[in-house]
K.L.:
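Please see the structure below; I have some questions.
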Amino acid sequence: MSDALPGTPIEAAVELTRLAAQLAEYDRAYHEQDAPLVTDAEYDALRRRNAAIEAAFPDLVRTDSPSHRVGSAPASGFAKIRHVVPMLSLDNAFAPEDFTDFVERAQRFLGTTQPFAFVGEPKIDGLSISLTYIDGHLAFAATRGDGSEGEDVTANIRAIPAIPQTLRGPAPARIEIRGEVFMDKQAFLALNVAQEAANQKIFANPRNAAAGSLRQLDASVTASRPLRLFAYAMGESSEPVATTHHSYLERLRGWGFDVNDLSTQLPNTDAAIAFQSRVGTERAGLPYDIDGVVYKIDALDLQARLGFVGRAPRWAIAWKFPAERATTILEKIDIQVGRTGALTPVAWLTPVGVGGVLVARATLHNEDEIARLDVREGDVVEVQRAGDVIPQIVARIGDHRPDSTPFVPLDTCPVCGSPAHRPAGEVVRRCTGGLVCPAQAEEHLIHFASRGAFDIEGLGEKTVREFFADKLIATPADIFRLREDQIIGREGWGELSARNLITAIAQRRTIALERFIYALGIRRIGEANAKLLARHYGSVAHWRAQMELAVQIGSEAREALGNILRIGPAIATELADFFAVASNRTRVDELTGLLTIKDAEPEAISDSPLAGKTIVFTGGLATLARPEAKAIAERLGAKVTDSVSKKTDLVVLGTDAGSKAKKAAELGIATVDETGFRILAGLEVNSGA
DNA sequence: GTGCCTCGAGTTCC
DNA sequence: CTCGAGGCAC
């Protein structure tokens, strides 16, 4: 299998096609018949070959590429599946004004005042699932995961009778269908009775019961649980299947899926607002839990034009019902020290059930929040779970106890005793001890090993805390000096687990530059900014050298830093401050000595003629609203600014273009009219006129 | 100068 | 998930 890679794109395409079919067949045999056709080693070799060819011919990656299914199933747990279309979250509304804001934003984006038709669908409290059907047969199923990568739960999904294995009637060659797996309230109660009788775990709520039932390694357990599914969304599809969302739901019914009967087409905003209150009154009588209603703009062409902002579509919103609240006692206010030294007050509560879970702690965020709520230890407080997840204190109930005293912010760190300062204009108080503070050092290590950073399997938060407490590791570099004999014999650690951990650490000795930068835990350098820096500097050596220079105020390196898009003065200063500290430089250099840090890959360049260009729009556009035109240009890799300068590559002249058109002419910058822009953007074909 | 949007950092429970 | 703060467009 170490054959040379195909020499031509045609050979490559042929081989990729063959590999996709072959691997799909092996997958089916493995998962469906539980009868592997090849050894694991042979299978892995084929996958590696597929990946190598794809790396050499990235344009040829197939939509049904086996590489979209990453990794084979590990001994325990689930393999990962990458979503071809990310599974995103939705913006929330809590009041009619939030809903009308959402509508107005969409209208502004499209440059229209036309009302929208919507589809309203009860938002089931379950788990989102992605189901991919190839040639009408269920090929694989994945959980939402982090939105871009979920867990492969194909075997478990196959065990649910309510989910079709085969689509009824004609269907696209490849289609991904999304829906919510859930358990009826009654089935949940019955399951808990059975669980109790069998001395098994009791589930806190139907959602947890559904999640627990689906995440069974033994699919026969899943089969025994009464799980249901409502289908409601489209992922990728090899051909269009509908022009409106409501007709898409009809197609789903036709293929054999359950679609929520309450889902309704709504002609306008007023109808949506009325629907919200109607569903609200029916909520308690429904056989399943819902936490709101999702509204989607019905026309799919509008959905496509609206696209996404951040992590949420512009064409849908989740209008939530008010969260359930509970009353309990605030027993104690504790102070936690975070990775950056932030002192965060956390409330310890008399445990109370809220929305199906027992809540014992809730963050108070900062001292301003405590003052705003005017809460003290001993107060009775009202608690809710924000977005039905994170507990928060909503309000104090009644008066303070007579003997209570107001919360006094600490002026020293509770862990290391260093002074704790709250800079003017900021909300957060911070320990000034830096990495000398054991709490900060420990949180730093947790961050270093965490998912977006080095992602060391087996070195999770709990293990880091244990190792840190026992002085096995004090700095990130210590992780790479760990030896098996230091771990074997510790509680819960045998020879095998120790060896696995050392292997996992060794695997991460080679690391991408962006992960390395992120792992350092420099304030304000999160995943996104680390990526920007990595892409900009390319290699550790270059980055390191430039950072050294940036420490000098007025240096070219520092100015260059500020010129990176989205890196402003605050972030530049933070980096310079970090590298001004000798111990930080030592840490970085120690790590670079121990590791192999891979150069960053340059920005993927789209083949659009607009890619990499700086564009200015001026005047009125007839066919596109300004925000939409901007979004289209940016999607094709252009940067859109609002004033014409030497750096501008192209000016799009609308009607009544004024001073900017003149300036473009003066500077000799290329201009196009709106039609010209549409052609460049690929929105229409050049008619040759 | 104001207001959107993105990002970072903090957090809970299972 | 939520908040505050930074960056940048308007």
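Below, each value reflects all heavy atoms present in this structure, side chains not excepted, and no hydrogens, waters or symmetry copies. Below, chains carry the letters A, B, ... as their sequence lines are ordered, and counting in each starts from 1.
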K.L.:
In terms of side-chain heavy atoms of A/P391, which of C/dC1, B/dG10, B/dT12 is nearest?
P.N.:
B/dT12
K.L.:
Consider the side chain of A/N529, meaning its heavy atoms from C-beta on, and name the nucleotide among B/dT11, B/dC7, C/dG7 that approaches it most closely.
P.N.:
B/dC7
K.L.:
In whole angstrom, give the distance that lies between atom CD1 of A/I525 and atom P of B/dG8.
P.N.:
8 Å
K.L.:
What is the separation between atom CD1 on A/I446 and atom C1' on B/dT11, rounded to the nearest whole Å?
P.N.:
14 Å
K.L.:
Pick the closest DNA chain B nucleotide for A/R314 and for A/E527 by heavy atoms, then say which residue is nearer the 5' end.
P.N.:
A/R314
K.L.:
Checking ring pair (Phe, Tyr, Trp, His ring centres under 6.0 Å) for the pair A/W543/A/F579: CA distance, chi angles, key distance, verdict?
P.N.:
CA-CA 11 Å; A/W543 179 64; A/F579 280 95; 5.3 Å; yes
K.L.:
Does the side chain of A/T344 get closer than 4.0 angstrom to OP1 or OP2 of B/dA9 through an N or O atom?
P.N.:
no
K.L.:
Any side-chain donor-acceptor pair under 3.5 Å between A/S213 and A/R225?
P.N.:
yes
K.L.:
Just how far, in rounded Å, is C1' of C/dG6 from CG of A/L532?
P.N.:
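Atom CG in A/L532 sits about 13 Å away from atom C1' in C/dG6.
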K.L.:
Tell me whether the OP1 or OP2 atom of B/dA9 has a side-chain N or O from A/R339 closer than 4.0 Å.
P.N.:
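Checking B/dA9 against A/R339, a side-chain N or O does come within under 4.0 Å of OP1 or OP2.
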K.L.:
Using a cutoff of under 3.5 Å, can you pull out all pairs of nitrogen or oxygen atoms linking the protein to nucleotides 3-5 of chain C, with atom names and distances?
P.N.:
from: C/dA5; atom 1: OP1; to: A/V427; atom 2: N; distance (Å): 3.3

K.L.:
Does NZ or CZ of A/R207 fall inside the cone over A/F182's six-membered ring, less than 6.0 Å from its centre and within 45° of the axis?
P.N.:
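Not satisfied by the 6.0 Å and 45° rule.
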K.L.:
Considering only B/dG10, B/dC13, C/dG6, which nucleotide approaches the side chain of A/I571 most closely?
P.N.:
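Out of B/dG10, B/dC13, C/dG6, the nucleotide with an atom closest to A/I571's side chain is C/dG6.
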K.L.:
What is the distance, to the nearest angstrom, from the CD1 atom on A/I564 to the P atom on C/dG6?
P.N.:
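It is 18 Å, rounded to the nearest whole Å.
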K.L.:
Using whole Å, report how far CG of A/L575 lies from P of C/dG7.
P.N.:
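Distance check: A/L575 CG to C/dG7 P gives 11 Å.
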K.L.:
Tell me whether A/E457 at atom CD has more than 12 heavy atoms from other residues, nucleotides or ligands lying less than 6.0 Å away.
P.N.:
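For A/E457, atom CD is not crowded (no more than 12 foreign heavy atoms under 6.0 Å).
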K.L.:
On DNA chain B, check which nucleotide each of A/I522 and A/R105 is closest to and give me the residue with the more 5' one.
P.N.:
A/R105
K.L.:
Should the ring pair A/F99 and A/W319 be called parallel, tilted or perpendicular, given that the plane angle runs from 0 to 90° and is split at 30 and 60?
P.N.:
parallel
K.L.:
Ion pair present between A/E443 and A/R465, side-chain N to carboxylate O less than 4.0 angstrom?
P.N.:
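Answer for the salt bridge query: yes.
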K.L.:
For A/I393 and C/dT2, give me the distance from atom CD1 to atom C1', rounded to whole Å.
P.N.:
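Atom-to-atom, A/I393 to C/dT2, this comes out as 15 Å.
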K.L.:
Would you say B/dG10 has OP1 or OP2 under 4.0 Å from some side-chain N or O of A/T340?
P.N.:
yes
K.L.:
Taking A/T143's backbone N and O only, do any of them form a donor-acceptor pair with A/H83's side chain (distance below 3.5 Å, no angle check)?
P.N.:
yes
K.L.:
What's the closest nucleotide to the A/A528 side chain, out of C/dG7, B/dG8, B/dC13?
P.N.:
B/dG8
K.L.:
Assign A/A211 to base, sugar-phosphate, or nothing according to its heavy-atom contacts below 4.0 angstrom with the strands shown.
P.N.:
nothing
K.L.:
Roughly how many Å is it from CD in A/E461 to P in B/dT11, rounded to a whole number?
P.N.:
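Distance, rounded to whole Å: 10 Å.
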K.L.:
Mind checking salt bridge (Lys or Arg N to Asp or Glu O under 4.0 Å) for A/R372 and listing every partner two or more places apart, or none if nothing turns up?
P.N.:
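For A/R372 the salt bridge (Lys or Arg N to Asp or Glu O under 4.0 Å) partners, ignoring immediate neighbours, are A/E369.
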K.L.:
What integer distance in Å separates A/E151:CD from B/dC14:C1'?
P.N.:
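Computing the A/E151:CD to B/dC14:C1' distance gives 14 Å.
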K.L.:
Side chain of A/R523 only, please: which of B/dA9, B/dT12, B/dG8 is the nearest?
P.N.:
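Nearest to the side-chain atoms of A/R523, counting from C-beta on, is B/dA9.
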